[in-house]
Amino acid sequence: EEIIEVKNLSKTYKKRKSKETITAVNDISFTVNKGEIVGLLGPNGAGKSTTIKLICGLLIPDSGSVMVNGISMKEKRLSALSHISAVLEGNRNLYWRLTVRENLEYFSGNRGRSSKDVASEIEDLLDAFNLKEKETELVNRLSRGMQQKLAIAVSLLADSKVILLDEPTLGIDVQTGYEIRKILRDVVRDYDRTIIISSHDMGVIQELCDRTVIINNGKVVTDDKVENLLRLF
Ligand code: ADP
Ligand code: ADP
């Protein structure tokens, strides 16, 4: 069952202070089924981030469409977006002057749950993400890796069906990167979400994904199960 349909998406940027343009995404199409973990693999500059930002509504495409759970992003933007959480570079959605626990409490609000359920959900996440020791730490005092873990935990609190992760281990120390991959593999999988992960690292995709869409120069090069791609190497 299809949950994301990306159809003929294109996006061109204007270069700053010049008339030149760059086509970051050039007629990209792919679909994602419910429950799948799909990798967007490609070198730096391939158009992965732009594709993710188009899917999570941070950018508007020049042409093409995104459907989320059968809802058109163009026609019913808010309703389509309610099914998506994104963990993007820089984690600008976190509250830098609140603690780890306060961020989790903030993002678990307004969902019509009892405070007891919320409290136990937060305990579970602090445990699973190994953030218990950091719960009273301000976010701006955390390492990038810890911030990334918190951003992923927050994305699970939103109850959205689809989670987008843009280069989740890029620029993060080796140990925390390993821990994040383990969390994505073992914890996030149990949350019954559909996940799209962008990475330039085949190892990350191989470890975490069922299928990978390879993009280069803004175009889809291959779309296949990871096991089939590995046969090529
Ligand atoms: P990736 O995530 O695969 O590294 P991006 O989607 O970030 O690729 O970038 C694709 C291309 O678009 C690159 O050439 C990049 O420099 C360019 N680009 C991305 N964002 C902007 C922007 N805001 N303005 C101009 N060019 C951009
Ligand atoms: P990523 O590593 O995720 O591909 P980048 O490092 O390419 O992201 O981009 C970081 C930020 O700078 C993004 O907001 C992107 O849109 C913007 N950006 C990227 N390339 C350019 C560019 N050539 N000109 C202007 N902004 C850019």
Side-chain angles (χ1 to χ4, degrees), residues 4-32 36-68 73-74 77 80-81 84-94 144-145 147-149 151-152 155 162-174 176-177 180-181 184 188 194-224 226 229 232-233:
I4 297 276
E5 183 190 37
V6 169
K7 209 168 167 188
N8 305 117
L9 271 194
S10 294
K11 178 73 189 177
T12 294
Y13 295 108
K14 279 192 196 64
K15 285 197 177 165
R16 227 168 277 166
K17 294 181 188 162
S18 93
K19 285 188 179 135
E20 279 176 78
T21 60
I22 171 158
T23 300
V25 167
N26 188 358
D27 199 25
I28 279 186
S29 301
F30 62 91
T31 60
V32 178
E36 253 188 324
I37 303 188
V38 171
L40 266 190
L41 178 68
N44 205 2
K48 304 180 297 294
S49 282
T50 303
T51 303
I52 296 237
K53 287 174 190 164
L54 290 166
I55 299 173
C56 72
L58 224 59
L59 290 173
I60 311 264
D62 300 329
S63 58
S65 61
V66 177
M67 301 279 282
V68 185
M73 186 76 92
K74 204 179 280 171
R77 197 169 178 73
L81 287 178
I84 292 187
S85 289
V87 179
L88 303 178
E89 215 189 339
N91 301 135
R92 277 165 290 224
N93 57 325
L94 296 177
R144 231 178 120 174
Q147 290 167 355
Q148 182 72 333
K149 283 205 292 179
I152 297 170
S155 78
V162 182
I163 297 181
L164 308 176
L165 299 147
D166 194 7
E167 295 272 13
T169 56
L170 186 66
I172 284 165
D173 64 279
V174 174
T176 315
I180 288 173
R181 295 204 305 279
L184 289 172
V188 177
T194 303
I195 301 171
I196 302 179
I197 300 174
S198 87
S199 180
H200 64 281
D201 183 345
M202 180 62 187
V204 170
I205 301 289
Q206 183 186 341
E207 182 180 348
L208 303 175
C209 301
D210 311 316
R211 181 160 64 89
T212 180
V213 175
I214 300 183
I215 64 175
N216 194 19
N217 284 321
K219 286 190 165 292
V220 174
V221 181
T222 315
D223 178 344
D224 206 344
V226 172
L229 288 170
L232 301 174
F233 291 91

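Read the numbers this way: they start at 1 and go in the same order the structure lists the ligands and their atoms.
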### Message
I need the atoms of ligand 1 closer than 4.0 Å to a non-hydrogen atom of Ile22, numbered in the order shown.
### Response
14 (O), 26 (N)
### Query
Where is the tightest heavy-atom contact between Ala151 and Leu94, given as atom of each residue plus distance?
CA-CD2, 4.1 Å
### Part of Thr51 with heavy atoms under 4.0 Å of ligand 1, whether side chain, backbone, both or neither
neither
### Task
Mind checking side chain to side chain contact (heavy atoms under 4.5 Å, CB included) for Thr12 and listing every partner two or more places apart, or none if nothing turns up?
Thr21, Thr23, Asp62
### Query
Of all the heavy atoms in Pro43, does at least one lie under 4.0 Å from an atom in ligand 1?
yes
#### Entry: Presence of salt bridge, Asp224 and Arg211, under 4.0 angstrom
no
### Query
Heavy atom under 4.0 Å from ligand 1: found in Ser198's side chain, backbone, both, or neither?
neither
#### Entry: More than 12 heavy atoms from other groups under 6.0 Å of CG on Asn217
no
### Task
Answer yes or no: does an N/O atom from Lys48 fall short of 3.5 Å to an N/O atom of ligand 1?
yes
### Task
Please could you name the atoms of ligand 1 that Ala46 approaches to less than 4.0 Å, counting only its heavy atoms?
1 (P), 3 (O), 8 (O)
### Task
Show which atoms of ligand 1 fall inside a sub-4.0 Å distance from at least one heavy-atom site of Asn44.
4 (O)
### Query
Any idea which heavy atoms bring Val25 and Gly47 closest together, and the distance?
CG2-O, 3.7 Å
### Summary
Residues Pro61 and Lys11: closest non-hydrogen pair is CA-CD, 4.4 Å
### Message
Using side chain to side chain donor-acceptor pair (under 3.5 Å), reason through Ser49 and Asp166 one step at a time and then give a plain yes or no.
### Response
CA-CA 6 Å; Ser49 282; Asp166 194 7; 2.6 Å; yes
### Message
Quick check on Gly42 - does any of its heavy atoms sit under 4.0 Å from an atom of ligand 1?
### Response
no
### Test of proximity, Lys14 against ligand 1: N or O pairs below 3.5 Å
no
### Task
Return yes or no for this condition: an N or O of Gly45 is under 3.5 Å from an N or O of ligand 1.
yes
### Message
If you compare all heavy atoms of Ile4 against all heavy atoms of Ile84, which two are closest, and at what distance to 0.1 Å?
### Response
CD1-CD1, 4.4 Å
### Query
Would you say ligand 1 has an N or O under 3.5 Å from any N or O of Ala24?
no
